[in-house]
Amino acid sequence: MADPMLRPMTKELRSVRQIRQYAKEPVPDAIVDELLQVARWTGSSKNTQPWHFIVVRDREALRKISQLRPNINWLADVPLAIAIVLDDPGTSNAYDEGRVTERLLIGAHLQGYGGGTAWFGDDAQQAEAKRVLGIPAGKTARSVVAIGRPTSVKDPRPGAKAGGRKLLSELVSRDRWGNPKG
């Protein structure tokens with residue numbers, strides 16, 4: 001039997017959503033500082049801590065980044081975003097990027113804020129985002145995590161997929177591929 005103390009935490013983790021609609025109110029510096037501490041303490045491969053974070057509040061910079069791809073046009077209206085800059089594009093750094101992204105999303109949620117990730121796109125789009133943010137050529141930047149007070153969990157983009165999740169029976173095998181729970 002599962003530990004009943006885990007149930008509230010599991011419920012809380014399951015309520016973290018990708019947010020694309022935010023209130024205009026600014027995110028207080030104290031919240032941003034706490035989120036940056038969460039990011040700083042995120043584990044990384046071989047403890048390399050391969051990241052640098054750029055807190056972006058500049059409306060024009062956010063507008064320019066939002067225009068890189070139609071799927072991230074919602075970034076134009078976010079109160080702030082945190083760009084994740086990596087030392088290089090290596091596989092372990094991509095893994096670490098995912099870890100720190102998820103920590104920022106969970107941290108924002110636990111503070112009563114929402115977060116959403118936006119991927120810049122292909123190499124040319126990433127290069128343009130780096131130019132907008134003044135990121136040196138030798139660094140890798142592929143995404144930002146937007147932070148703010150959510151106004152909706154609905155995806156405002158045209159043609160957005162419906163929410164929900166696959167059944168565990170579709171996702172899990174036991175001991176070997178294809179063995180159902182049993």
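Treat the numbers as computed from the prediction; the structure is a model and nothing was measured.
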With sequence neighbours left out, write down each residue that passes salt bridge (Lys or Arg N to Asp or Glu O under 4.0 Å) with [X], or none if nothing qualifies.
X: Asp33; result: none
X: Glu128; result: Arg131
X: Arg142; result: Glu97
X: Lys24; result: Asp77

Minimum heavy-atom separation for [X] to [Y], with atom names?
X: Ala39; Y: Trp51; value: O-CZ2, 3.9 Å
X: Leu75; Y: Ala118; value: CD1-CB, 3.5 Å
X: Val85; Y: Ile135; value: CG2-CD1, 3.6 Å
X: Ala141; Y: Phe120; value: O-CD1, 3.4 Å
X: Pro150; Y: Ile19; value: CB-CG2, 3.7 Å
X: Ala23; Y: Pro79; value: O-CG, 3.7 Å

Check: [X] side chain, [Y] main-chain N or O, donor-acceptor pair, under 3.5 Å:
X: Gln18; Y: Thr117; answer: yes
X: Ser44; Y: Gln49; answer: yes
X: Arg59; Y: Ala76; answer: yes

Side chains of [X] and [Y], heavy atoms from C-beta outward: is any pair under 4.5 Å?
X: Glu12; Y: Leu110; result: yes
X: Val78; Y: Val56; result: no
X: Phe53; Y: Val100; result: yes
X: Trp74; Y: Tyr22; result: yes

Within this structure, what is the [atom1]-[atom2] distance for the pair [X] and [Y], rounded to the nearest 0.5 Å?
X: Asp96; Y: Thr91; atom1: CG; atom2: OG1; result: 11.0 Å
X: Leu105; Y: Ile147; atom1: CG; atom2: CD1; result: 6.5 Å
X: Leu104; Y: Thr42; atom1: CG; atom2: OG1; result: 6.5 Å
X: Ser45; Y: Asn93; atom1: OG; atom2: CG; result: 8.0 Å
X: Thr101; Y: Ile82; atom1: OG1; atom2: CD1; result: 10.0 Å
X: Gln21; Y: Thr151; atom1: CD; atom2: OG1; result: 5.0 Å

[X]: partners by side chain to side chain contact (heavy atoms under 4.5 Å, CB included), with sequence neighbours left out:
X: Arg69; result: Asn71, Ile72, Trp119, Gln125
X: Val38; result: Arg103
X: Leu13; result: Met9, Ile106
X: Gln67; result: Arg63

Going by salt bridge (Lys or Arg N to Asp or Glu O under 4.0 Å), name the pairs with one or both residues in [range], residues two or more places apart or in two chains.
range: residues 44-58; result: Asp29-Arg57
range: residues 79-93; result: Asp87-Lys139
range: residues 143-153; result: Glu25-Arg149

**Nonpolar side-chain network containing Leu168, other nodes, edges under 4.5 Å** =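 Hydrophobic cluster check, Leu168: joined to Leu171, Val172.
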